[in-house]
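Below: one structure, written as structure tokens.
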Amino acid sequence: MGILLWLLGLSLSSQEGFLQAAAIMNSFIVKFIFWGILTALAYHICGGIRHLLMDFGYIEESLAAGTRSAQVAIGLTVVLSVLAGVLVW
């Protein structure tokens, strides 16, 4: 997350900083790292929502329900990962 905050600070510092941040984001490696960070964040959010639903009792606490909700969370993460890839590239 530090790299994201650094890029945000650089882009908001001035017009030259924004152009420098835009130039940095043109690199494939930086885009790939950015996509990876967004994918990890999406997985973390999907897992967190899954656990909140389980804590509130909306998802039954059994092995089958836990497996199914984990599969749904991973499926949503894959969809969000593809959307993040479209956004980045």
Side-chain angles (χ1 to χ4, degrees):
M1 295 304 275
I3 197 168
L4 297 178
L5 291 175
W6 175 74
L7 272 172
L8 178 65
L10 180 64
S11 68
L12 294 177
S13 64
S14 64
Q15 185 174 0
E16 292 82 19
F18 178 80
L19 294 174
Q20 187 179 6
I24 290 170
M25 280 301 295
N26 282 334
S27 168
F28 175 78
I29 298 296
V30 175
K31 285 183 181 183
F32 185 74
I33 291 170
F34 194 70
W35 174 76
I37 291 170
L38 289 176
T39 299
L41 184 62
Y43 178 71
H44 183 73
I45 290 171
C46 289
I49 291 171
R50 172 183 172 244
H51 280 280
L52 281 173
L53 291 174
M54 290 175 82
D55 287 343
F56 287 138
Y58 292 114
I59 299 175
E60 176 184 330
E61 291 186 16
S62 68
L63 182 61
T67 302
R68 185 70 183 143
S69 66
Q71 291 170 344
V72 169
I74 290 174
L76 283 173
T77 301
V78 168
V79 170
L80 291 174
S81 177
V82 169
L83 291 175
V86 169
L87 176 72
V88 170
W89 276 285

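Sequential numbering from 1 along the given sequence is applied to the chain's residues. Model, not experiment: these values are computed from the prediction.
- Annotation for Q71: atom CD counts as buried by contact number, over 12 foreign heavy atoms lying within 6.0 Å.
- A single hydrophobic cluster is seen to contain both L38 and V30, as judged by linkage of ILVMFWY side chains at heavy-atom distances under 4.5 Å, directly or through other members.
- Side-chain atoms of S81 never come within 3.5 Å of backbone atoms of T77 as a donor-acceptor pair (strictly under, hydrogens ignored).
- If you chain together hydrophobic residues whose side chains sit under 4.5 Å apart, I33 and W6 fall into the same group.
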inquiry  = Please determine whether side-chain contact (heavy atoms from CB on, under 4.5 Å) holds for the pair L4 and L8, giving the CA-CA distance in whole Å, both sets of side-chain angles, and the decisive distance to 0.1 Å.
reply    = CA-CA 6 Å; L4 297 178; L8 178 65; over 6 Å; no
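- Listed by chain and number, the residues in a side chain to side chain contact (heavy atoms under 4.5 Å, CB included) with L53 are I49, Y58, I59 (sequence neighbours excluded).
- Contact between G17 and S13 at its shortest, heavy atoms only, is CA-OG, 3.8 Å.
- With sequence neighbours left out, the side chain to side chain contact (heavy atoms under 4.5 Å, CB included) criterion links S62 to E60, A64, A65.
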Anything under 3.5 Å between a donor and an acceptor, one on a side chain of residues 82-89, the other on a protein residue two or more places apart or in another chain? List them.
none

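- Rounded to the nearest 0.5 Å, atoms CD1 (I37) and CD1 (I3) are 6.0 Å apart.
- The main-chain N or O of I24 is never found under 3.5 Å from a side-chain atom of S27 such that the two would form a donor-acceptor pair.
- Of the inter-residue distances, the one linking L7 atom CG with Q20 atom CD reads 9.5 Å to the nearest 0.5 angstrom.
- The shortest non-hydrogen separation linking C46 to A73 is CB-O, 3.9 Å.
- No single ILVMFWY cluster, assembled from side-chain heavy atoms under 4.5 Å apart, contains both L5 and L12.
- Taking NE2 of H44 as the reference point, atom OG1 of T39 lies at 14.5 Å (rounded to 0.5 Å).
- Shown here for M25 and K31, the closest heavy-atom pair between the two residues is O-CE, 3.0 Å.
- Summarising the geometry of M54 relative to E61, their closest heavy-atom pair is O-OE2, 3.9 Å, with the distance given to 0.1 Å.
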